[in-house]
Amino acid sequence: MEGKPNRSDAIGNKTSLSKKTSKRVWDSIAAYTVQCEKCSKWRFIPTKEKYEEIRERLAEQPFFCETAREWHLDLSCDDEPDVVRDGSWRWAIDKPSIPQCPPGWQRILRIRAKGGTKFADVYYVTPSSKRLRSMMEVQSYLNEHPELPGLTASQFSFQIPSPLEENYVRKRHARSVTLHDMSDTVMPVNPTSWVVSDQKRDSHLVGEEGSTSYVEAPAQS
DNA sequence: GCCACCGGTGGC
DNA sequence: GCCACCGGTGGC
């Protein structure tokens with residue numbers, strides 16, 4: 001809400017969320033955005049691959065609006081932001097320095113529903129469409145597939161982003177009753193965030209602090 | 001029967 | 001307290 005002026009670079013890119021009904025794997029991500037180090041405006045990154053590339057190197061290679069000229073001709077800090085925190089999107093703060101996904105693999109991020117015990121899940125899909133949920137599984141897979149050249153576990157990361165919205169994830173000792181019967185429950189902290197939750201699916205989370213971020217599509221069932 | 005999603009917990 | 005890991009299961 002309070003547009004804090006920071007020099008963070010957030011990345012986001014706009015993944016088409018077209019209603020493709022094929023049963024291929026989908027991120028629950030609508031867009032990837034990066035924040036310009038200079039003007040702080042958020043810029044869409046056109047592809048997930050580009051986003052992952054920028055994210056990996058963001059610490060050494062800050063992002064500027066001019067960087068986006070690679071896909072957005074003549075873009076400059078004078079142009080309107082591609083996206084603003086107006087509440088119509090849910091944002092996730094990405095972790096820095098996540099290695100680029102190996103070619104032929106996919107790194108999938110699934111944002112969980114609000115009120116659960118975890119914000120998101122990361123998994124990798126192998127070239128043979130196997131789904132790997134942890135480093136242990138990655139390591140075993142690599143061991144079983146010596147034909148895959150030059151792959152090491154260090155090229156994988158299961159770090160999940162953080163929700164900007166407070167209380168998106170249920171606190172561990174919150175009473176389980178709150179989810180089912182909130183009518184006469186006094187919220188222990190941050191009542192405002194529950195107000196936000198009243199607007200259902202369109203709450204949002206925002207990246208900050210030089211991190212990359214995702215924008216999740218309004219959850220449409 | 002499969003698999004996407006969620007919860008729980010052990011280890012740090 | 002956090003999070004990596006994995007088991008369970010509901011919905012398809």
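Side chains are part of it too, since the values below use all heavy atoms of this structure and drop only hydrogens, waters and symmetry mates. Chain naming here is simple, since letters A, B, ... match the order of the sequence lines and numbering starts at 1 in each.
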Notebook entry, point to check: With sequence neighbours excluded, what pairs up with A:Thr152 under the side chain to side chain donor-acceptor pair (under 3.5 Å) test?
Noted result: A:Ser154
Notebook entry, point to check: Could you state the OH-P distance from A:Tyr123 to B:dC3, rounded to the nearest angstrom?
Noted result: 11 Å
Margin query: Given a 3.5 Å cut-off on both pairing distances, which stems involving DNA chain C, each at least three consecutive Watson-Crick or G-U pairs, are present, if any?
Written below: B:1-12 with C:1-12
Next item on the list: Could I get the full list of side chain to side chain donor-acceptor pair (under 3.5 Å) partners for A:Glu147, not counting sequence neighbours?
Entry: A:His145
Note to self: Please enumerate all residues that pass side chain to side chain donor-acceptor pair (under 3.5 Å) together with A:Asp78, with sequence neighbours excluded.
What the structure shows: none
Check: How would you list, by chain and number, every residue that makes a salt bridge (charged side-chain N to carboxylate O under 4.0 Å, His left out) with A:Glu56, sequence neighbours excluded?
Finding: none
Check: Between A:Phe63 and A:Trp71, how do the two ring planes meet: parallel, tilted or perpendicular, split at 30° and 60°?
Finding: parallel
Check: How would you list, by chain and number, every residue that makes a salt bridge (charged side-chain N to carboxylate O under 4.0 Å, His left out) with A:Lys118, sequence neighbours excluded?
Finding: A:Asp121
Notebook entry, point to check: How would you list, by chain and number, every residue that makes a side chain to side chain contact (heavy atoms under 4.5 Å, CB included) with A:Ser97, sequence neighbours excluded?
Noted result: none
Note to self: Which residues pass the salt bridge (charged side-chain N to carboxylate O under 4.0 Å, His left out) test with A:Asp82, not counting sequence neighbours?
What the structure shows: A:Arg43
Next item on the list: Nearest whole angstrom, please: distance from the C1' of B:dT9 to the CZ of A:Arg170.
Entry: 14 Å
Do any N or O atoms of the protein come closer than 3.5 Å to N or O atoms of nucleotides 10-12 of chain C, and which pairs are they?
none

Margin query: Checking A:Gln100 now: which residues fulfil side chain to side chain donor-acceptor pair (under 3.5 Å) with it, not counting sequence neighbours?
Written below: none
Next item on the list: Kindly write out the residues that satisfy salt bridge (charged side-chain N to carboxylate O under 4.0 Å, His left out) with A:Arg131, not counting sequence neighbours, or none if the list is empty.
Entry: none
Could you go over nucleotides 4-6 of chain C and give all protein N or O partners under 3.5 Å, atom names and distances?
unit_1	atom_1	unit_2	atom_2	d
C:dC5	OP2	A:Met135	N	3.1
C:dC5	N4	A:Lys118	NZ	3.3
C:dC6	OP2	A:Ser134	OG	3.0

